[in-house]
Novice: 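One structure follows; several queries about it will come next.
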Amino acid sequence: MNPELFLQEKIAQALNELFGLETSAGQISLQKTRAEFKGEFTLVTFPYIKVSKKSPEQTGEAIGTWLKSRTIETKEFNVVKGFLNISLNENSWLAFFSSLIKNNNYGFKTTGPDSKSVMIEYPSPNTNKPLHLGHLRNIFLGASVSELLKANGYHVIHSCLYNDRGTNISKSMLAWQMFANGSTPEFTGQKPDHFVGDYYVKFSNAYKEEIEKLIAEGLSKEDAEKHSELSKKVNEMTVAWEKGDSEIRSLWKKMNDWVYTGFNETYELLGIQPEKFYYESDVYDLGKETVQEGLEKGIFFQKEDGSIWIDLTAEGLDQKVVLRSNGTSVYITQDIATANEKERDFPIDKSIYVVGNEQDYHFKVLFLILKKLGKSYADHLFHLSYGMVELPTGKMKSREGTVVDADDLAKEVIDRAEEVTRAQGRIDHLSESEKKELFRILGLGALKYFILKVDPKKKMVFNPEESVDLQGNTGPFIQYSHARIRSVILNSDKNDNELLNLPIPAIDSLQKEELELLRLQHAFPSIIAEACLTYSPALIANFVYELARNFNQFYHEHSVLKAESQEIRQFRLQLSLKTGYLIRDAMKLLGIAVPERM
RNA sequence: GGCCUCGUAGUUCAAUGGAUAGAACGGAAGUUUCCUAAACUUUAAAUACAGGUUCGAUUCCUGUCGAGGCUACCA
């Protein structure tokens, strides 16, 4: 019994019999009835007044009367202007709940040998400094979308591209040579990616000083930058790296290994584990063949200085360089190569790049080039573009030191969760390691939810103070609701299995809070499908918040353990149990765990 | 200059073209001898502006104003 589908089918039938309209259940759009009216489902009748040749009110009356007289499932209806509000009877809802409670995979599709494969690439950082807040949005989005894809029956491969060479990396290396005196993260005891990041900052400061000094000596800013010794040394180092200078290569390897060690620690804390890494240092040269191929096909053209371009003005874009005059690769050359590598390495049906929207133009160009090159996979590439993260004070700027570090932020929210949870004093019986894990779950739950509840396409303002809030529309509020449900079950005389296997009792009348919980549970599968289709974890976040909020209202209005009758008590236990399961499942789609108690 | 986003309560976010635009935080006022008060209840408060399409527009189109991004032989 699926209440919505049932109504859609019946309404389609009614429209046919009453007005001769040929339509199908799938074309009937029902919406949730607004709280101030009675009913669970609402049909907007305006679209049908042409065929009914009646007023919106009369059309609603006619359909409502048809439903009431022809189906026993329809309890009652009311018409307000062009809106037909329909209530189903208790038995229909209980029958629905009966089928739902036994389904431990409710809302999820399973993967099998026939499943389509999707590769999803994130977070693909540079290897010269630690991860920051922007990477967190990237990681949380990537991880959640991966879960959504799995829930919709896809096989998911998580890849990550390391931008591990070039100017930025050389800067950190040069600063280490100049200032470190051979120091190491082991020696200073720092997290190794932070250690490397410090040298990147040291370079920036030294460079700034040098430029200021040159300007003080009378040079223009432009000339100063041109005459910078540091800048020259960076370029020399990059060239030396490309020539394979053994000393530079070994320093490069050492520093990158430090960064990877640090990144892996952060990945583990956040709960991600890329399966396949690509390295710019491996592929940066490989795109040249493809460029040559494109040149021969006449898709690219060469300028007098030897640089190779593509003209996309016919598509409303610009001319774009794909190979420098000195024959070296640019960013997009490497991306062409990486795309080829991915398709060669895996049989993938879809390839997703989780990258910020400042690169919208870049990906438009990249995909267009690959299509023009006749790559068969070009059509299944997708740029999952998300908005920037700003601070209340404005944009994050590394030069101005306003970047929020990922590790620091995670520590802060976990510490905050610990402080509050200890003060509540409900976890004294847990071991220290269990407590530590609980604080991690709660702190990261707050952080992940705070970021994922916003539509990924939109830019967001990240207020560090609000992100550690544990009240209102927050991760911990939802986690708390789950713990509350588990506590009720624990205090009952039945365990999960007993409740799952007991038949749903016949209840004469459902309370409006109970009905609302059933209606939300009913909507869960379509929310998962929609969230996957639109790559929007925010839909899941909004849903699970709504579910938790409604449970709390129900809990406040009606006693579960001291219900009016044994039947109602059992039903409420079953309803609570399933609500808890759905909260858990929905939160898992966001990459957030829920505790048994907190 | 050109191209692309986005303007919703004091703040941060919601709303397949549908009813009186929902929440949270913050403000005001309440609820605990009762299953976890990280909760619940009440209350004040918003669609930048001007046109258009539509039975109906926060949503679609045009213009104005405002914010951001892209527009490198950077990544």
Side-chain angles (χ1 to χ4, degrees), chain A residues 29 31 33-37 42 44-47 49-50 55-56 80-83 85 126 163 165-168 280 303 305-309 316-318 320-332 334-335 356-362 364 385 387-388 390 392 394-395 417 420-421 423-424 426 442 446 450 453-455 457-463 465-467 469-481 483-492 530 534 538-539 541-542 545-546 548-549 551-563 572-573 576 597-598:
Chain A
S29 156
Q31 49 191 278
T33 303
R34 294 181 65 108
E36 60 265 42
F37 302 104
T42 294
V44 180
T45 60
F46 289 106
I49 56 176
K50 278 208 179 93
S55 70
V80 182
K81 294 193 274 185
F83 300 89
N85 304 316
N126 292 342
N163 301 297
R165 59 165 289 279
T167 309
N168 284 329
E280 187 187 317
K303 289 195 176 174
D305 60 8
S307 58
I308 300 178
W309 296 69
L317 306 173
D318 298 320
K320 190 87 188 169
V321 68
V322 292
L323 206 64
R324 292 193 185 101
S325 53
N326 64 7
T328 57
S329 306
V330 291
Y331 184 45
I332 205 153
Q334 299 161 23
D335 273 355
N357 66 7
E358 73 272 17
Q359 294 197 34
D360 281 357
Y361 181 76
H362 171 78
K364 219 189 247 180
S385 165
M388 318 199 83
E390 291 172 14
K395 261 197 86 173
V420 172
T421 308
Q424 296 280 2
R426 284 194 281 248
L442 295 176
F450 187 81
K453 74 177 174 184
V454 181
D455 181 346
K457 287 196 291 294
K458 297 186 179 174
K459 73 168 166 57
M460 67 173 291
V461 175
F462 183 92
N463 185 331
E465 283 170 30
E466 286 176 15
S467 73
D469 273 353
L470 311 173
Q471 286 166 0
N473 188 357
T474 65
F477 166 81
I478 297 161
Q479 290 168 318
Y480 170 80
S481 309
R484 206 178 207 189
I485 289 171
R486 296 311 304 168
S487 174
V488 173
I489 304 296
L490 201 67
N491 288 330
S492 79
E530 177 74 8
T534 57
L539 298 182
N542 291 344
Y545 172 63
E546 191 75 0
R549 204 164 58 87
F551 178 80
N552 280 320
Q553 287 167 348
F554 159 73
Y555 178 90
H556 186 263
E557 285 301 313
H558 308 286
S559 179
V560 176
L561 297 180
K562 292 180 186 160
R572 285 183 184 163
L573 275 168
S576 302
R597 50 187 69 83
M598 62 188 271

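Residue numbers begin at 1 in each chain, while the letters A, B, ... track the order of the sequences.
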Novice: What does A/Lys458 touch in the nucleic acid at a heavy-atom separation under 4.0 angstrom: a base, only the sugar-phosphate, or nothing?
Specialist: sugar-phosphate
Novice: Could you check whether the side chain of A/Arg426 and the base of B/rA38 have a donor-acceptor pair of N or O atoms closer than 3.5 Å, going by distance alone?
Specialist: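 Indeed there is one.
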Novice: Which part of the nucleic acid, if any, lies within reach of A/Phe83 when heavy atoms closer than 4.0 Å are counted: base, sugar-phosphate only, or nothing?
Specialist: base
Novice: Cation over ring, A/Lys320 on A/Trp309, under 6.0 Å and within 45°?
Specialist: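 Here A/Lys320 fails the 6.0 Å and 45° test against A/Trp309.
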Novice: Is there a Watson-Crick or G-U wobble partner for B/rU59 with both distances under 3.5 Å, and if so, which one is it?
Specialist: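 Its partner is none (no Watson-Crick or G-U wobble pair with both distances under 3.5 Å).
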Novice: Please work out if A/Ser29 contacts a base, only the sugar-phosphate, or nothing of the nucleic acid, heavy-atom cut-off 4.0 Å.
Specialist: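 Base, at least one base heavy atom under 4.0 Å.
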Novice: Quick check, does A/Phe46 stack with B/rG18? I mean ring centres under 5.5 Å and planes off by under 30°.
Specialist: yes
Novice: How would you label the contact of A/Thr328 with the nucleic acid (heavy atoms, under 4.0 Å): base, sugar-phosphate, or nothing?
Specialist: nothing
Novice: Within the structure shown, what part of the strands sits under 4.0 Å from A/Tyr545 by heavy-atom distance: base, sugar-phosphate, or nothing?
Specialist: sugar-phosphate
Novice: Using the C1' atom on both, measure B/rG17 against B/rG52 and round to a whole Å.
Specialist: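 Their C1' atoms lie roughly 15 Å apart.
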Novice: Mind checking if A/Asp360 touches a base, just sugar-phosphate, or nothing, with heavy atoms under 4.0 Å?
Specialist: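 Answer is nothing: A/Asp360 stays at 4.0 Å or more from every strand.
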Novice: For A/Ala548 and A/Thr33, take the nucleotide of RNA chain B holding the closest heavy atom to each; which residue's nucleotide lies nearer the 5' end?
Specialist: A/Thr33
Novice: Please lay out, stage by stage, how A/Glu280 and A/Arg165 fare under the test salt bridge (Lys or Arg N to Asp or Glu O under 4.0 Å).
Specialist: CA-CA 7 Å; A/Glu280 187 187 317; A/Arg165 59 165 289 279; 3.0 Å; yes
Novice: Can you find a side-chain donor-acceptor pair between A/Asn163 and A/Tyr331 that sits under 3.5 Å?
Specialist: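 On atom types as modelled, these side chains do not qualify, holding no pair under 3.5 Å.
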Novice: Does the aromatic ring of A/Phe477 sit over the six-membered base ring of B/rA38, closer than 5.5 Å centre to centre and tilted less than 30°?
Specialist: no
Novice: May I ask which nucleotide in the shown strands pairs with B/rU54, Watson-Crick or G-U wobble, both distances under 3.5 Å?
Specialist: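 Partner of B/rU54: none found under 3.5 Å.
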Novice: Name the nucleic acid region contacted by A/Thr474, choosing base, sugar-phosphate or nothing; use a 4.0 angstrom heavy-atom cut-off, strictly under.
Specialist: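 A/Thr474: no heavy atom of the nucleic acid under 4.0 Å.
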Novice: Do A/Phe450 and A/Glu466 have side-chain heavy atoms sitting under 4.5 Å apart?
Specialist: yes
Novice: Between A/Asn357 and A/Met388, is there a side-chain heavy-atom distance shorter than 4.5 Å?
Specialist: yes
Novice: Say we look at B/rG51 and B/rA46: how far apart would their C1' atoms be, to the nearest angstrom?
Specialist: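 Their C1' atoms lie roughly 22 Å apart.
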Novice: Kindly give the heavy-atom pair with the smallest separation between A/Ser385 and A/Gly356, and that separation in Å.
Specialist: OG-C, 4.4 Å
Novice: Roughly how far apart, to the nearest Å, are B/rU8 and B/rA15 at atom C1'?
Specialist: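 My reading of the C1' atoms in B/rU8 and B/rA15 gives 10 Å.
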Novice: Could you tell me whether the phosphate oxygens of B/rA14, OP1 or OP2, come under 4.0 Å of any side-chain nitrogen or oxygen in A/Asn473?
Specialist: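 Looking at the OP1 and OP2 atoms of B/rA14, neither is under 4.0 Å from any side-chain N or O of A/Asn473.
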Novice: Measure the distance between the ring centre of A/Tyr555 and the centre of the six-membered base ring of B/rC35, then answer whether it is under 5.5 Å with planes under 30°.
Specialist: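 Yes; by the centre-distance and plane-angle rule, A/Tyr555 counts as stacking on B/rC35.
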Novice: Please determine whether a side-chain nitrogen or oxygen atom of A/Lys457 lies at a distance below 4.0 Å from atom OP1 or OP2 of B/rG69.
Specialist: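 For A/Lys457, the contact criterion (side-chain N or O under 4.0 Å from OP1 or OP2 of B/rG69) is not met.
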Novice: With a non-hydrogen cut-off below 4.0 angstrom, is A/Arg597 in contact with a base, only sugar-phosphate, or nothing?
Specialist: base
Novice: For nucleotides B/rU11 and B/rG7, find the distance between their P atoms and express it as a whole number of Å.
Specialist: 15 Å
Novice: Under 4.0 angstrom, heavy atoms only, what part of the nucleic acid is A/Asn463 near: base, sugar-phosphate, or nothing?
Specialist: nothing
Novice: Are OP1 or OP2 of B/rC74 and a side-chain N or O of A/Arg324 less than 4.0 angstrom apart?
Specialist: yes
Novice: Reckon A/Asn126 touches a base, only the sugar-phosphate, or nothing at all at heavy-atom distances under 4.0 Å?
Specialist: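 A/Asn126: backbone/sugar contact only, no base atoms under 4.0 Å.
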Novice: Taking only the P atom of each, what is the distance from B/rU47 to B/rU59 in whole angstrom?
Specialist: 13 Å
Novice: Considering Watson-Crick and G-U wobble pairs with both distances under 3.5 Å, what does B/rA23 pair with?
Specialist: B/rU12
Novice: Is a donor-acceptor contact shorter than 3.5 angstrom present between the side chain of A/Asn85 and the base of B/rA19?
Specialist: yes
Novice: Can you find an N or O donor on one side and an acceptor on the other, under 3.5 Å apart, linking the side chain of A/Thr167 with the base of B/rA75?
Specialist: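 Per atom types, no contact qualifies.
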Novice: Classify the nucleic acid contact of A/Val44 as base, sugar-phosphate or nothing, counting any heavy atom under 4.0 Å across all strands shown.
Specialist: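 Base, at least one base heavy atom under 4.0 Å.
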Novice: Between A/Asn168 and A/Ala417, which has a closest nucleotide on RNA chain B that is more 5'?
Specialist: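 The residue closer to the strand's 5' end, by nearest nucleotide, is A/Ala417.
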Novice: Just checking A/Lys395: base, sugar-phosphate only, or nothing, at a heavy-atom cut-off of under 4.0 Å?
Specialist: sugar-phosphate
Novice: Using a 4.0 Å heavy-atom cut-off, does A/Glu280 contact any base of the nucleic acid, only the sugar-phosphate backbone, or nothing at all?
Specialist: sugar-phosphate
Novice: Would you say B/rC40 has OP1 or OP2 under 4.0 Å from some side-chain N or O of A/Gln553?
Specialist: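 Negative; the distance criterion is not met.
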Novice: Applying a 4.0 Å non-hydrogen cut-off, can you work out what A/Met598 is touching in the nucleic acid: base, sugar-phosphate, or nothing?
Specialist: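 Base, at least one base heavy atom under 4.0 Å.
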Novice: Do A/Thr45 and A/Phe83 touch side chain to side chain, with heavy atoms closer than 4.5 Å?
Specialist: no
